[in-house]
Structures are given as structure tokens and as C-alpha cells.
Amino acid sequence: MATEHRIIYKHIDLEGWNASIDKYISDGGYSILADTVKRDRAELCAEMEKSKLKGRGGAGFPTGMKWKFLDRKSGKPIYLVCNADESEPGTCKDRLLIYQDPHSIIEGIMCTAYAINAAQAFIYIRGEYINGYRILVNAIEEAKAKGFVGDKICGSDYSCQITVCRGAGCYVCGEETGLISSLAGGRAYPRIKPPYFPAVMGLYDCPTVVNNVETLCWVPKVFKLGGENVSKIGCPLDPGTHVWGVSGQVQKPGRYEIETGSCTLGELLYDLCGGPLAGRRFKAIIPGGSSMKILRWDEKFSIKQPNGTMIERKVEDIPLDSASFMQVGTAIGSCGIIVMDNTVDMPEALANLSAFYAHESCGQCTPCREGTMWMSRITRRICEGGGRLEDVDLLKNVADNICGRTICALGEGAAWPVQSNVSKFRDEYERKIAAQLSQGGLGRADNNAYRLI
Amino acid sequence: MKITPEIEKKCDELMGQYPKKKSAAMMMMHLIQEKCGYFDDEAILFVAGKLGVEPIEIYGMLTFYPMFTQKPRGRIHIKVCRTLSCALAGSVEFGRELAEKLNCPVGSTSGIYTIEFVECLGNCAKAANVQVNDRLFEGVSREGVEDFITKIKTLDASGDLEPKSAFDKPQGGIDVNSPAYKG
């Protein structure tokens, strides 16, 4: 039986909780920051590394390593950026932290800023979170008045301001170098690594750490409990908890915080989310935000155990941790699960996502700009009755030619759904196109789902 | 378009919050968009002048970010999320039906309404989501189009839907117990 283990989401939807600083302080808030500013910076960074915590924004890069790579010898100021530009379809975990528990983010930012000795911190929040922006600004003012942000934090010598910047409806701002370009005042064009590794040449070409909201909320926990103890929570390869945002066709969609490896995908979807809608059955899930490769619900995988033996694993038996999802050829990304049941026409679902990527490509790299547009056009024509049998291979060919040929990962993010969808549901595409060719006109799959495009 | 002294004062304040003033571009553009409704040449030249950059840079940002516009929008700006989680809950059909009922095609402005399909609004677990000015309506369904229209018309009649800038506190100030704080 799956159960939640709330560490980051401790205050979310809690009876009687609100976003004020008084509430946060009444639950011991900012006490960790007060202790942190008395500690040695190198020791704090070492704790983070020991925790083996992975970033929660999608790429899953170890946070301690990210801090370690900071160019501390350059003499340039170091900047900290909180990435609150949550825009991966299916991901909705940061929103509630911003709206309901802004002080936990601010404490996380200030602890991190102290540990990396940042000259200034920024929060880059997506433009659509209008009230979220007001809430953060209000919370920063409250924290400033009490000496937790600004000059001489908690009576120490360390001073750091937090500035909140709003995005304006652009997905690629979630990519760290794109975010940096936007924050510097321009189009959100991602920059090529090398040389533009944020840790060396980030904002204003100064060393910069860009961390996700949820990652920053972990920082005070790591400093308090110690890296060693945090590394023992959940699965050793991916310690801590993940906030899974489950959306789509389940009884109880929602956000569930689960200790890594403590339950399986099936337990999450059946026990906590209540299973499929009445009279339906699961067909496919996208595990970690729309960019990750899709899983067919009836797929089976051969998994090599540590002792060398092979076991067969069904999709519902995949444990909820990053390593287990890697073993089945996909990734947990930002933990936004999108569930689709037997009423969903897969070509339509793919057309919906391809339209998203075509809209969001920043246009710098030809393979991505042209590729996402053509993938969108081809999937759309398959849905609208103009599909050709060779379109299935054409789609895959376009996707294959994007991967590895772009500055940022948006290219892969757009290609993976196409590659996995077309190869795993090829029969459905071929059937749909064949039906259209034989009947003419709209050959929509016979089901009762909503139109998706 | 009139750039008032208050707007200019606020712009100076925003520029002071960044180590380099050019970084204030996003926030200044939001301010002007929300106070003036859209960008004309005068507004572009004003921002460029303030930041000390070429106007083409501001024009480049204006055309890059979907939230900025060069055309005036309706007083009631409806953004329907069309991305997968919301689409699975019927948002695409919701948007089309809403457009038909309000007699305002998706992607256009007609009278007091502007209706747009937008990409993921970041509240997938409560699909389908629709944002109207600075308010989020979650859990809408295709079957609820009529109810939704009644709701926004009632809110508009009482002045609760009045477009408010993110730089202004919501009516009644910041109330940490309000439903808006629940996300």
C-alpha cells in the first residue's frame, strides 16, 4: 500500500496553514537559516555533496556537484537563480510551493546563497503565475523586515538581496542557459556549453547556480539533517522524496510526495490516485513531463538485477525512483505523470504535444525549429484526414535528425515523445491512416475521448 | 499611448533591483503591457531609451515572448490551456465552444473579449485550466461552458474581473488566507 511521505510538501493544503511569515516561523521556520550563517561554507557544500540529492527540475543533475563546479577563483560575483519557470506539460509541483509556502523557498534560497557566497539571488517565475509573483514579493518584504533577507542576515556579516523577475510565457526559459539569457534582458536563447556552463559563465558571464524551486526547498533539510542522513532517505541512487504531479485520466489526479523507491508506479496510480476512470483501462503513461519517452501500459521489460539474474518487469511494477525509470528506457524528468486511458487516440495525443514543441522552439537551431514544425504539421495532418502511409517513417526520420544537433535539450524533448510514440504505437498510426485512405475524410479512432487538437 | 510619470518612476525602481539595468527589460515590459494594454512604437522607444539599448532589441523581445502584444486586447482576456493534460480533460473543445458562444474566434479579440489557446499553465493536476486576466479557473469542463460564461459575466459585473497589474496588490491587499493563496 502506497503512502505519502511529506517533507517538502509538509505545509501544502494543511488545515489552518497560510503563506504568512508568522505561520512559517511558528513551525520552526528560518531557524535553520540562523544556524546556517554561523557555519563554514565549505562544510555546507560538502554536506550537499554527501546527500547525493539530484536536482528536481528535470535533468536530475546532482545538486552538490553543480555547486562544486562553481568557478570560485575568478573574482567575479557569484549569482544564484531560483528556477520557478515551471512550464513542462504535466508538471505542477512548484506552483503550490510558491502559492502556499513561499517562505520555505526563501529560506532555501538564503541558505544556498550563503553556502555558495552569492552576491545576489534571483527568482525567475513564469509570467502566468501573477498572484504567485505578488505572493513572493510580499513574502520577501516580510522576510526582509525580520532580517532573513537583505543586509546582515540573522545578525551575520553576510548580505544578499532577492529580486523576482517574471517570464512571459516562454517554455525555453526553463532551460537554465535560456533563463540566463532572458534574465540578462533579451530573448531567451539558450547558449552553447561549452563555454557557457552556468557555473563558469552564467548570468553576465559570471559564475551562476540555477536550481529548481523544489531543490532549493531541500537545502535547509540537508543542512539540518546532514548530508549523510538525507542520503539514507529512500533509494541510495536517488535519495529523498519526489513530488509526483499526476494528471490525465485517473480518478484522483493530484500532487503526491513519495519517498524514492518506496512504492511502484502501479501503487501510486491505483492506491493514491484511485485507478482508471469508471469502465476504462490504462493505455499509456508519460512518466516525467511531456518530453520523456512514453510507456505502454502493457509493455514488459527484462531488467538485470545486481546479482546478474534477469527479471521481467511490468510497467505497473516500476519503482518510483530515477534509476528504475532509466532501466526501462525513459526518465522521471520533473515527475509530472500524464495518464492516458483506452479512450485516447495516440496520434492525437502526439499531435497535441508536437504543436506545443513547435510553438516553443526558440528558433536558433535549424533542426529544432524546422523539425518541430514539421512534426507538428505531419501529426496534425494524420489527425485531420490527410495522412499518408509513409508519414509514420517520415515522422521518425525527422525526430532522429533533431537529437544531438541542437544547443539545448528542447530538441531531444521534442523528439523523444515522437520516437517513442511512433515506435510503440505504430499499429495505431498505420490503422488510422489506412482507414482514412479507404474512407476518405476524417478517420478518427472510434472512441469517446475529447478532441485533443 | 501615454507613459505616465508613475510608470517611469516604477521603471527606475525596477532598474535599481538588478546589477545591470538591462535585466529590468522583462519587468519593465510587463509593467507597460499591464498599465497600457499593449506596445506601440512610443512604448518600445521608451523602454529602449530607459535601458540604453537599440529599439530593435526591445522589439525582438516583444515578438519573442507570447505574453507581450502589439495589439490591444479585450478587457476580459481568456487563456485556455490546450496542452495535453488539459486537452485530456476537454479543454480544446471547451475553448472552441466558448469562442462560439461568446462570438469571438480563438486567437482574436471581439468586443470586451480576447480568447487564446495557450500552452501549459502549470496546474495539470486540476485540469482543465483557464486563466481570465489574473485569475485562474481550474477544473472546467466542456460540459460547463455555459456555467463558466455565467460565472465570468457575474464577476465582471461586480468589478471582480477588472484587469489588475501584477505590480498592484489585489483588491483588499494581500490576504494570506484568501483562496488565491491556495494556488
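Just so it is clear, the model here is predicted, and its values are computed rather than measured. The figures here come from the full heavy-atom set of this structure, side chains too, leaving out hydrogens, waters and symmetry mates.
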Do you know which two heavy atoms are closest between [X] and [Y], and how far apart they sit?
{"X": "B/S23", "Y": "A/L183", "answer": "OG-O, 2.7 Å"}
{"X": "A/S247", "Y": "B/C124", "answer": "CB-O, 3.3 Å"}
{"X": "B/C120", "Y": "A/R126", "answer": "O-NH2, 2.7 Å"}
{"X": "A/R187", "Y": "B/M61", "answer": "N-CG, 3.9 Å"}
{"X": "A/G167", "Y": "B/H30", "answer": "O-NE2, 2.7 Å"}
{"X": "B/M26", "Y": "A/A168", "answer": "CE-N, 3.7 Å"}

* To do: Determine, step by step, whether A/L452 and B/L88 satisfy the side chain to side chain contact (heavy atoms under 4.5 Å, CB included) criterion, reporting the C-alpha distance in whole Å, the side-chain angles of both residues, the deciding distance to 0.1 Å, and the verdict.
  => CA-CA 7 Å; A/L452 303 178; B/L88 289 169; 4.0 Å; yes
Which region of [X], side chain (C-beta onward) or backbone (N, CA, C, O), has a non-hydrogen atom less than 4.5 Å from a non-hydrogen atom of chain B, or is it both or neither?
{"X": "A/Y79", "value": "side chain"}
{"X": "A/I286", "value": "side chain"}
{"X": "A/Y133", "value": "side chain"}
{"X": "A/E88", "value": "backbone"}
{"X": "A/V250", "value": "neither"}
{"X": "A/E128", "value": "both"}
{"X": "A/C362", "value": "both"}
{"X": "A/E142", "value": "neither"}
{"X": "A/Y256", "value": "neither"}
{"X": "A/V137", "value": "neither"}

* Will you find, in the side chains of A/Y450 and B/S91, an N or O donor that is under 3.5 Å from an N or O acceptor? ->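 Side-chain D/A pair, A/Y450 to B/S91: absent.
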* To do: Let me know if B/R135 has heavy atoms under 4.5 Å from chain A in its side chain, its backbone, both or neither.
  =>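 For B/R135, there is no contact with chain A at all, as no heavy atom is under 4.5 Å.
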* Part of B/A166 within contact of chain A (heavy atom distance under 4.5 Å) -> both
* Asked: Rounded to the nearest 0.5 Å, how far does CG of B/N123 lie from OH of A/Y99?
  ->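 Result: 8.5 Å between the selected atoms.
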* First locate atom CZ of B/F68, then atom SG of A/C170, and finally report the distance between them rounded to the nearest 0.5 Å. => 10.5 Å
* To do: Answer yes or no: is there a side-chain heavy-atom contact under 4.5 Å between B/K164 and A/I130?
  =>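 The answer is no; the side chains never approach within 4.5 Å.
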* Carboxylate-amine/guanidinium proximity below 4.0 Å for A/R134 and B/D168 -> no
* Derivation and outcome, side chain to side chain contact (heavy atoms under 4.5 Å, CB included), residues B/M27 and A/T163 -> CA-CA 11 Å; B/M27 295 301 276; A/T163 301; over 6 Å; no
Which of [options] touches chain B most, by non-hydrogen pairs under 4.5 Å:
{"options": "A/A184, A/G132, A/A19", "value": "A/A184"}
{"options": "A/G248, A/S87, A/G90", "value": "A/G90"}
{"options": "A/N131, A/D94, A/I135", "value": "A/I135"}
{"options": "A/S182, A/S290, A/P77", "value": "A/S182"}

* Asked: Does the A/N352 side chain pair with the main chain of B/L84, one donor and one acceptor, at a distance under 3.5 Å?
  ->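 Pair found, side chain donor or acceptor close to backbone of B/L84.
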* **N/O donor-acceptor pair under 3.5 Å between B/Y65 side chain and A/A188 backbone** => yes
Counting only heavy atoms not in [X], do more than 12 fall under 6.0 Å of its [atom1]?
{"X": "B/K71", "atom1": "NZ", "value": "no"}
{"X": "B/Y59", "atom1": "OH", "value": "no"}
{"X": "B/K151", "atom1": "NZ", "value": "no"}
{"X": "B/E42", "atom1": "CD", "value": "yes"}
{"X": "B/K126", "atom1": "NZ", "value": "no"}

* Taking the six-membered ring for Trp, are B/Y18 and A/F122 parallel (under 30°), tilted (30 to 60°) or perpendicular (over 60°)? -> parallel
* **Derivation and outcome, side chain to side chain contact (heavy atoms under 4.5 Å, CB included), residues A/R95 and B/L136** => CA-CA 12 Å; A/R95 176 187 269 270; B/L136 182 75; 3.5 Å; yes
* B/Q17 and A/Q120: CA distance, side-chain angles, deciding distance, side chain to side chain contact (heavy atoms under 4.5 Å, CB included) verdict -> CA-CA 10 Å; B/Q17 293 177 3; A/Q120 183 162 4; 5.6 Å; no
Tell me which of these, [options], has more heavy-atom pairs under 4.5 Å with chain A than the rest.
{"options": "B/S165, B/C81, B/P66", "answer": "B/P66"}
{"options": "B/Q33, B/E119, B/E57, B/K22", "answer": "B/E119"}
{"options": "B/A89, B/A25, B/A24", "answer": "B/A89"}

